[in-house]
2 protein chains.
Amino acid sequence: MSQHRPGSTSGPAGAVPALPDLPEATVARLPEYLRALHHCAETGYETVSSEGLAAAAGVNSAKLRKDLSHLGSYGTRGVGYDVALLIDQIEYVLGLTQRRAVALVGVGNLGHALAGYDGFASRGFHVVALFDADPATIGERIHGLQVRHIDELPAVAAETAIAIGVIATPAAAAQAVADQLVAAGVTSILNFAPCVLSVPPNVDVRKVDLAIELQILSFHEHRKSTLTALPGGRAAGTSGQEAVGS
Amino acid sequence: MSQHRPGSTSGPAGAVPALPDLPEATVARLPEYLRALHHCAETGYETVSSEGLAAAAGVNSAKLRKDLSHLGSYGTRGVGYDVALLIDQIEYVLGLTQRRAVALVGVGNLGHALAGYDGFASRGFHVVALFDADPATIGERIHGLQVRHIDELPAVAAETAIAIGVIATPAAAAQAVADQLVAAGVTSILNFAPCVLSVPPNVDVRKVDLAIELQILSFHEHRKSTLTALPGGRAAGTSGQEAVGS
DNA sequence: GGATGTGAATCTGTTCACAGCA
DNA sequence: TGCTGTGAACAGATTCACATCC
């Protein structure tokens, strides 16, 4: 148990948070574990084994145990993990104990859907402002929020601390929007526009490109069809795990 | 040049495709290179260096060169890559030379937006059918397509080969939909529902979970704030590349 | 007994640095 | 000289297998 500080308990009620820097791959999986744990809790489980939780999260158990061990984990040998405790731990590490404010820029086709996406609210995020540059959209009400002009961003940011900015504009506008978000003090950006953003080193950017996902699937589809078409090609479904890495 | 078959040219016009199995990480980046290349082409470039293309795609040049070398690449030392040629190469490898049919299941909040997403059509994909289970939505026209009941899936699949199924239903319905897609012969699935799908080994699944992306950003946000709050914590923006892996 | 936590081995991916070619 | 292509070194992530503890 290398990560346990002696003395005071760490975590939600602990004194010093001391987030040990987790491997990036682990961080990316923690939300999935969290979702699986919530599911366990709703189904009435108080405790769950690494095997069971791993299955629910779609990974193998060794990986799950190593991931959780990085948190200085709270399992019990011979028993498993306490569901409620682990939920608290992961939520704490991910910084979900405080509800984070999200500002969404671009209320076109995709932005419109994101503004009303249930998954955000149900997972500790709160969309607090919608922005756009198109005069036609300004003032429109979407899921209870009024669309404001992007130039009002500094004013809004001044009164409400924005934790995360979501960019759902066309690619051509994305860099300018990113600059405005950064200028307003936003240090985390989720970018749906198909382009590369350049930002200062202290700003984190994650990109989601829906077309890219399809293209990756297309590659595998293409490969499957050429494999089966080739002389020595093994028939589809013959062997091997084909699940594509996320 | 390890991958060149002697004799006949490979690629778009080649005899035997012979897709050398590329590293998964490389496959995931090819679409990004493709986008950057299209941008180059539109800007009038006929040739581009690894340095230039890497910058446009948001990676470093060594990685890009290694990725392209896996295709048995078409660069010229001292000059760079021929933009048009490389576009053809990558589109061929990704299987984008044929337009692939996409079926979308679930026309709720998110599905509605996906049905009209420009990025799909502009990148070689064609949404050919919309499905839902809710009687209230059946018959509705969205971006020129009529929503059909999910039970009609087999009939539609029989007349149009569906390359990719997109699931945009609530989590509770997703597994059943996946089963129906698989039964209809679909072997590639893009899943937006926050749950793990179990499918036969010959079916590829990619998952996009918007809330997970926010939670990963939340972690970094949390860590940044604790770092700056701690005694010895270096101030934000002091050093280091913080861009988060995709 | 049974399940966690973890060193060691392995695999995958990234980066370096330079040979080789235009 | 300039830039690609690539072996070799490096770093990171996954898997194995088992010691450890309830």
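The basis for the numbers below is simple: all heavy atoms, side chains too, and nothing from hydrogens, waters or symmetry mates. Chain A is the first sequence line, chain B the second, and so forth, proteins listed ahead of strands; every chain is numbered from 1.
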Can you tell me the distance, in whole Å, between the [atom1] atom of [X] and the [atom2] atom of [N]?
X	N	atom1	atom2	value
A/D82	C/dT4	CG	P	13 Å
B/E24	C/dT12	CD	C1'	12 Å
A/D21	D/dG12	CG	C1'	13 Å
A/Y81	C/dG2	OH	C1'	13 Å
A/L64	C/dT6	CG	P	14 Å
A/L68	C/dT6	CG	P	11 Å

Problem set entry | For B/E91, salt bridge (Lys or Arg N to Asp or Glu O under 4.0 Å) partners two or more places apart | none
Exercise. Any salt bridge (Lys or Arg N to Asp or Glu O under 4.0 Å) pairs touching residues 61-73 of chain A, not counting sequence neighbours?
Worked result: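 Salt bridge (Lys or Arg N to Asp or Glu O under 4.0 Å) check on residues 61-73 of chain A returns A/R29-A/D67.
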Exercise. For residues 31-41 of chain A, which residue pairs qualify under salt bridge (Lys or Arg N to Asp or Glu O under 4.0 Å), counting only residues two or more places apart or in two chains?
Worked result: A/E32-A/R35, A/E32-B/K207
Exercise. B/T43 side chain to B/H39 main-chain N or O, any donor-acceptor pair under 3.5 Å?
Worked result: yes
For this session: Go along nucleotides 14-22 of chain D 5' to 3' and tag each nucleotide: B for a protein heavy atom under 4.0 Å from its base, S when only backbone or sugar atoms are that close, - otherwise.
Result: SB-B-BBBB
For this session: Identify which one of A/D88, A/I90, A/D82, A/V83 satisfies the side chain to side chain contact (heavy atoms under 4.5 Å, CB included) criterion when paired with A/L86.
Result: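 Only match with A/L86 under side chain to side chain contact (heavy atoms under 4.5 Å, CB included): A/I90.
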Exercise. Do B/Y33 and B/L30 touch side chain to side chain, with heavy atoms closer than 4.5 Å?
Worked result: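 Yes, their side chains come closer than 4.5 Å.
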For this session: Would you check if A/V102 and A/I162 make a side-chain contact, meaning some heavy-atom pair closer than 4.5 Å?
Result: no
For this session: Applying side chain to side chain donor-acceptor pair (under 3.5 Å), name anything that partners B/D179, two or more places apart in sequence or on another chain.
Result: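 Listed in chain order: B/Q175.
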Problem set entry | Within residues 30-54 of chain B, residues whose heavy atoms come under 4.0 Å of DNA chain C | none
